[in-house]
Amino acid sequence: MKIKNFLTEKFATAMVELGIPADCPPSIALSSRPEFGDYQVNGAMKAAKKIDSKPRDLAALIIEKVELSEAVDKLEIAGPGFINIFLSAKFLAEEISKPLVSKLPKKSIKNIVIDHSSPNLAKEMHVGHLRSTIIGDCLARVFEKLGHKVIRQNHMGDWGTQFGMLIAELEQQIEEGNEAEFALNDLEHFYQKAKKHFDEDENFANTAREYVVKLQSGDPYCKSLWEKFINISISHNQNIYEKLNVGLKTEHIKPESSYNDKLAPLVADLMQRNIALDSDGAKVIFLPELADKNGKPSPMIIEKSGGGYLYSTTDLAAVNYRSENLKADRILYLIDARQSLHMKQVFITARKAGLVANGVSLEHHAFGMMMDESGRPFKTRTGGTVKLNDLLNEATDRARVVVTEKNKELSEDEIRSISTKVGIGAIKYADLSITRTHDYVFNWKTMLSFDGNTAPYLQYAYTRIQSIFRKSDIELEQNVPILLEEKSERSLALQVIQFEETINQVALDCYPHILCSYLYALASQFMHFYETCPILKKNIDVNVQASRLRLCQVTSETLKCGLNLLGIEVMEKM
Ligand code: ARG
């Protein structure tokens with residue numbers, strides 16, 4: 001189902017035949033109002049200018065030329081030279097019977113690397129990691145659905161000065177007779193203890209500093225303490241991924257430490273080619289492309305004076321690996337907007353130094369912050385960072401209250417499973433449905449509401465359809481003709497067939513809210529259809545009934561598939 005592509009092709013052919021140059025495409029868009037048809041051609045005005053003809057005259061010629069046979073009921077010229085397209089019911093019915101997503105030709109399959117989640121392992125995951133994790137997961141699902149090869153990369157921060165302090169603390173606690181698992185049971189608490197030690201105890205601080213150096217030069221004792229720490233931290237994160245229903249597995253972890261061996265040769269090479277320069281003992285790349293308003297180039301340090309590599313050095317090694325080893329066509333970074341300068345520096349350097357192949361697309365998809373209702377960064381009541389685990393548990397608890405209220409006949413097992421899907425779904429949807437680049441306000445009440453653009457509303461719409469099937473006990477056939485006589489039937493069908501172009505759009509710009517808006521419109525169209533077109537009433541013509549049930553079925557498949565792309569589960573009832 002790619003209506004827009006289909007129309008674009010047909011109109012483009014007609015326009016070329018009329019001698020219009022190929023750089024004047026038909027520009028097909030959805031019509032803004034039903035009286036303007038279903039789609040419209042916006043490109044005739046520009047084309048007319050180019051070939052020096054009158055726009056409305058040219059539109060008339062295009063209408064005459066284009067071969068759409070039975071796909072449309074009529075084509076109309078409107079305003080200064082738009083062409084309104086009214087698709088035929090026959091065409092809509094045919095399209096709706098095709099698979100939701102068509103198969104991607106082999107030559108169009110791309111390798112898409114998605115760097116997402118990527119928390120630092122020194123601390124427990126907190127709300128700040130939520131957006132990257134779920135937006136990246138949604139994009140991974142969308143690209144996979146379209147048939148691309150997705151390579152998830154969890155660029156975990158497991159290296160750096162903090163780890164000296166953490167392993168010194170772990171050593172001390174083990175010496176005091178604690179098991180590592182026990183000591184690291186609460187990572188947040190552990191980190192705070194280590195930090196306190198470090199700030200207050202000179203000896204401890206010296207050990208910590210010594211351990212970083214030892215760790216980075218491969219000392220087996222420090223490495224084994226470090227590994228203990230890392231493994232527990234990772235398993236904690238994997239638990240969160242599972243709770244969140246995101247697809248990140250341990251095999252997607254490609255942490256900072258894994259690039260350690262590449263850093264020295266990389267810096268040496270950049271120095272040798274004069275891309276990096278010595279500046280007061282540090283090795284720095286100066287980027288005139290990002291100069292400040294006084295013309296001073298933007299500096300990116302890749303080695304500290306006295307030694308030691310940085311976040312930027314690792315990212316240069318990583319981008320090189322992704323291009324050279326993973327053969328990426330596109331590399332997507334889901335990192336919040338505060339790292340925009342860092343990403344620009346990395347991308348410019350990567351191109352300049354030839355660390356990535358020519359055609360590779362480097363994309364930082366930035367996002368805003370999570371705010372509380374008073375517009376401040378989201379914190380606990382006492383001003384601390386909110387642990388992701390606590391947030392997810394609270395979501396399920398709160399969902400339980402709403403779910404139990406809505407349906408008093410559910411068993412305890414059903415309540416548990418539904419509350420999880422609703423709670424987690426609500427959190428994800430609230431985030432994904434806002435334009436990614438904006439900050440967004442976290443509000444339990446709106447996200448868990450059954451009205452409006454929320455996960456519960458969409459999940460509920462899905463269960464409504466399932467209940468129709470349960471009540472109808474009619475064996476549904478795949479090939480029943482779809483009749484689209486009522487207005488609301490037609491609008492619903494038109495909405496359903498826009499699914500594929502919607503997810504193509506998401507894949508292009510990486511904005512998941514486009515899919516959310518689509519699904520919300522779909523569920524709303526369905527509710528309207530359901531109110532205006534009886535299905536199970538007595539005396540309904542059998543063909544009409546079968547057709548409406550088919551419409552219900554494709555709607556529910558589309559809803560389910562779309563929610564799944566957002567990482568949100570559906571259920572039979574709620
Ligand atoms: N660990 C980093 C942080 O928590 C995010 C890493 C993002 N990915 C990257 N390749 N830089 O800020």
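If you're wondering where the values come from, they're calculated on a predicted model, not measured in any experiment. In each ligand, atom 1 is the first atom listed, and ligand 1 is the first ligand listed.
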- Message: Would Arg436 and Phe367 count as a cation-pi pair here, with the cationic atom under 6.0 angstrom from the ring centre and within 45° of the axis?
- Response: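 Arg436 over Phe367 ring: no.
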Salt bridge (Lys or Arg N to Asp or Glu O under 4.0 Å) partners of [range], not counting sequence neighbours, each pair once:
range: residues 317-334; answer: Asp115-Arg322, Arg330-Glu363
range: residues 261-285; answer: Asp269-Arg273, Lys283-Glu303
range: residues 374-391; answer: Glu124-Lys387, Asp186-Lys387

- Is the number of heavy atoms from other residues, nucleotides or ligands within 6.0 Å of CD1 (Ile301) greater than 12?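 Open.
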- Item | Spacing of CG belonging to Asn320 relative to OG1 belonging to Thr349, to within rounding of 0.5 Å |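 Separation between the atoms: 12.5 Å.
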- Message: What does the 4.0 Å heavy-atom contact list look like for ligand 1?
- Response: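 Residues within 4.0 Å of ligand 1: Asp115, Ser118, Asn120, His155, Tyr311, Asp315, Tyr333, Ile335, Gln339.
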